[in-house]
Amino acid sequence: MEENRVKWYYEELKRFYLKTDSDWTDKAKSFRTIADDFYHEVSGIAGTFHEVLIEFYRWNREKVIADAAFSLKERLNDIVHHNRTVDRTAFMTYYNTLVRLIFLSTGVYPDPATEEFLGVKTEDRLSGLNAQQKDAVLSDAQIIYVSAGPGTGKTYLLVNKLVQYIETSDKKERIVALSYTNTAAKGLGEKFYGKVFSCRINKPFDFYNGTIHAFCFKMLKSFYANIGKDFNYIIIDDVDIKDLAEELSVQLDMKYSAEDIAKCLKSRLNAKQDDLRIIIDEIKEKYNIISIEDILYKFIDALSDRTFIEWFREQVSILVVDEAQDLGALNYEIFNRMMAVRPDLKVFLVGDPRQNIFGFIGGSYLHLEEFLRKHGNYTQKTLSLTYRCPEAVNTYVNRFRFDDCENIPIKSDNGNAGHLEVTHYPDVEEEAKGVLDSVRAAGALRNSAVLCNSLYYVKTFIEILGEEKVPYKVFGGQKLVKPHIKILNHLLRIIDSDNEYSIRQIANIARITLSDYNGSNVKERFYATPIGHKIASIQYNIKTTDRAVNFVIQDAVEIIRPLIVRPNEYDEVEDFNRFMEIARGFESLDSLLLAFAIDKETFAPFYEKNYVECEVPIGNDWLTISTIHSAKGLEWENVFVVGLSEGIFPNEWFVRNDTEEKKAKYFNESMKAMYVAATRTKESLYLSYPDYNQYGYRVIPSRYILI
């Protein structure tokens, strides 16, 4: 688009912003029209607002934040079509988002008046970096590993390094930034685009950020689309795996146990018998299903295919990895193969071996070390200046000694003394009451978090919160998808890709008789039923009308309601409405289904809980209760770590029959969990334990208190 045309759009936004005869709602409606015109012009196609935005996203997919673009579209549509009103704060958010999208799409920066309206300040690229961060950002080594302590500004470092890569390159860089969780990825993406905007970066670049599973899945789909084929696999979760394993065990005359089949469904490496692996591979291909781990295997296989290699070589020139210490062996196998495909690939890894707490699912700092040793020519940097933890916490955690890595001392940036307090109580109930009193005395609930090694331990604490009518939210624990959401997921899979596995599941729930197991007319018979007719109608509407994803969910819910077996056991209406609200941020149904399969954080409300949920209204002030693993990456003013006694944290019973080597590994990993828990603190850290545990036995303080 010509620069003058871009400037015209900025002028139009400014003109409606300054209109004195319009309220904020009317101005937002005008912005919707301007956005519609811009998307049409920049994408060069005719069609509805939704269709043009889809094309705009595809054309510009690496340079815009997709969820921001679609969320803006949905909000503006609500105002236009449903007469929603907005205030100045909401309007300015829309204004800011639209201006950034225009800039990121065209590279033309807004005029000074627009900057002033939005409160934008132009930044220097390296402003705000401390000496350690600047040293890492300015390094021009091909492979860089940064050992970053807690609260040392990892995200800020990553954002500035990304901008540095773009600004110092003489070519269009294709950047892939991988995070351990979707929440972290979203935060990194938002901050990165904010930096690009404030630094006026107008050089061309491609940018993808997400988890490695999402990246591999999307690369495979993109490649197959590029060669004119479909990659219509659906991702099955642990519940699907368990159900399918039990079904297959019966069908195979109990020749293999459901447990062995489930292990094989989850990972091909888990198959004890070769013939079982062959059977499971055939089943997966028949139903077009893959596990989370299969995504990585398929990507590794693709990196051995010459056609895929030639295509993929042009998709990435820079790889940035956050939380590198928590990745598994398959992740690093992929990185190794990527470097073989693209020997000039630049790699920037950030991690902290002291915070390697996901060993139980295969994540290990050892994989990172092996990768670095393999390539040899890497540069290592260290961040030890923490902007989060006060000196009281630093002094405490700096005394930790780990078996497998150095504990580089961290120190406070601002010299904040902070507070560390250790308290013991007669029993678990008194500990719960005492901690609640301390939480209340600390001020607003939202400033505090109660962390534990296991949610089972805080059962008494949660009961007391319920009695006291204290609002709270719980994070972590083992969860299963709620039954009605599971039905919805299967239905959406059918709508998206006619998946036969999900067709069979819905048919079983709806008591629809299909063909025999090896029959070929399953889909035909299913679509001949009333439910099949309704699904076909939804599929037709998606192809022919402006049907946003949240409205597809609404259509699917109408089919689901009669299939709910135990109505009123869950608040289905609230769950469905919440699911539709989340769906507003997705540009397509397949992207929503991918997120549902791999993003447990965003979709946490749709899982059954192994604790009592809060029954009082939750407004803006509520207490966080979390496992240590779910608290990783977060921070609070006040952190309360409870249950710090031997037998609870750590719990030596887990390894009582193991070798001395395994015991040492367990206690080392447990100490790392304690390190993570303590370093969530910005001001005060409270450690507590009962003299008698929940079973009435006397216990002694945890070794992590006595360090």
Side-chain angles (χ1 to χ4, degrees), residues 43 45 51 54-62 66 174 176 206 208 210-236 240 265 268 277-316 330 333-334 337-338 340-342 489-490 492-504 520-524 526-527 535-536 538-540 542-544 549 552 586-598:
S43 62
I45 70 166
E51 290 168 340
I54 290 285
E55 183 62 25
F56 170 74
Y57 172 64
R58 288 172 181 161
W59 172 80
N60 209 39
R61 63 187 181 278
E62 318 293 4
R174 299 178 181 273
V176 172
D206 286 343
Y208 171 85
T211 65
I212 189 169
H213 294 90
F215 167 69
C216 293
F217 193 83
K218 289 186 177 182
M219 283 291 100
L220 290 167
K221 283 185 74 76
S222 296
F223 170 70
Y224 275 85
N226 186 64
I227 60 175
K229 296 182 179 180
D230 290 328
F231 188 79
N232 287 333
Y233 289 93
I234 64 168
I235 304 170
I236 53 174
D240 290 322
L265 283 167
R268 67 174 69 161
R277 183 185 296 111
I278 293 171
I279 292 171
I280 295 304
D281 285 345
E282 290 175 351
I283 292 293
K284 287 182 175 180
E285 288 303 315
K286 171 182 172 61
Y287 286 143
N288 270 22
I289 57 177
I290 54 177
S291 68
I292 294 291
E293 200 162 296
D294 286 334
I295 298 172
L296 304 186
Y297 285 123
K298 285 191 173 294
F299 191 74
I300 289 172
D301 289 343
L303 285 171
S304 299
D305 178 81
R306 181 173 299 175
T307 305
F308 182 84
I309 288 172
E310 291 176 356
W311 173 84
F312 181 73
R313 188 178 288 121
E314 302 304 317
Q315 306 306 310
V316 56
L330 284 178
E333 174 64 19
I334 287 172
R337 296 202 180 204
M338 287 172 65
V341 168
R342 180 104 190 215
N489 191 36
H490 280 305
L492 294 177
R493 289 170 173 175
I494 299 171
I495 293 170
D496 181 58
S497 61
D498 290 331
N499 184 264
E500 184 176 330
Y501 172 70
S502 287
I503 284 176
R504 288 182 177 276
S520 59
N521 63 337
V522 170
K523 293 182 181 179
E524 291 86 345
F526 180 76
Y527 278 107
I535 292 174
I538 295 174
Q539 292 171 329
Y540 178 79
I542 292 174
K543 294 178 181 178
T544 60
V549 179
V552 174
F586 291 86
E587 78 282 359
S588 62
L589 185 54
D590 68 331
S591 64
L592 172 68
L593 288 169
L594 173 61
F596 184 79
I598 64 179

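Contact of the Phe526 side chain with the Arg504 side chain is not registered, since no non-hydrogen atoms from C-beta on lie closer than 4.5 Å. Counting heavy atoms from C-beta outward, Glu500 and Asn288 have side chains that stay 4.5 Å or more apart. Within the 4.5 Å cutoff, the side chain of Asp240 has heavy atoms near those of the Tyr501 side chain. A 4.5 Å side-chain heavy-atom check between Gln315 and Ser222 finds every atom pair outside the cut-off. By the 4.5 Å heavy-atom criterion applied to side chains, Val176 and Met338 are not counted as neighbours. Side-chain atoms of Phe223 and Lys229, non-hydrogen and from C-beta on, never get closer than 4.5 Å to each other.
Taking NZ from Lys284 and OG from Ser291, the interatomic distance works out to 4.5 Å, rounded to the nearest 0.5 Å. Note that CD1 of Ile212 is 8.0 Å distant from CZ of Phe299, once rounded to the nearest 0.5 Å. Rounded to the nearest 0.5 Å, atoms CZ (Phe215) and CD1 (Ile334) are 8.5 Å apart. The structure places CD1 of Ile295 at 4.5 Å from CD1 of Ile290, a figure rounded to the nearest 0.5 Å. Taking CD1 from Ile598 and OG1 from Thr211, the interatomic distance works out to 3.5 Å, rounded to the nearest 0.5 Å. One finds the CG atom of Asp590 at 7.5 Å from the CZ atom of Phe217 (value rounded to the nearest 0.5 Å).
Note on Glu310 versus Arg306: no salt bridge recorded, every NZ/NE/NH1/NH2 to OD/OE distance being 4.0 Å or above. With salt bridges taken as basic N to acidic carboxylate O contacts below 4.0 Å, none links Lys286 and Glu282.
For Arg342 (side chain) and Arg313 (main-chain N/O), a donor-acceptor pair under 3.5 Å exists by modelled atom type. Within the 3.5 Å criterion, the main-chain N or O of Asp498 finds no donor-acceptor partner in the side chain of Arg493. Put simply, the side chain of Asp230 never gets that close to the backbone of Asn232: no donor and acceptor are under 3.5 Å apart.
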Margin query: Using the rule given for side-chain contact (heavy atoms from CB on, under 4.5 Å), can you reason through Leu330 versus Glu293, listing the C-alpha separation, both sets of side-chain angles and the distance that settles it, and then say yes or no?
Written below: CA-CA 9 Å; Leu330 284 178; Glu293 200 162 296; 3.6 Å; yes

Notebook entry, point to check: Do Ser497 and Tyr233 pass the side-chain contact (heavy atoms from CB on, under 4.5 Å) test, and can you show the C-alpha distance, the side-chain angles, and the key distance before you say yes or no?
Noted result: CA-CA 8 Å; Ser497 61; Tyr233 289 93; over 6 Å; no

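Residue Tyr224 places its OH atom among 12 or fewer non-hydrogen atoms of other residues, nucleotides or ligands, all under 6.0 Å distant.
When all heavy atoms of Glu285 and Lys298 are compared, the pair lying nearest together is OE2-NZ, 3.5 Å. For Ile292 against Ala597, the heavy-atom pair with the smallest separation is CD1-O, 3.7 Å. Scanning all heavy atoms of the two residues, the minimum distance from Ser304 to Ile309 falls at C-CD1, 4.2 Å.
One side chain, Tyr527 or Gln539, offers a donor N or O that lies under 3.5 Å from an acceptor on the other.
Each of Leu492, Ile538, Leu594 was scored for a side-chain contact (heavy atoms from CB on, under 4.5 Å) with Leu589, with one residue passing: Leu492. The one candidate from Ile503, Asn499, Ile234 that meets the side-chain contact (heavy atoms from CB on, under 4.5 Å) condition with Ile494 is Ile503.
Between Phe308 and Phe312, the angle of the ring planes stays under 30°, which puts this pair in the parallel group of the 30/60° scheme.
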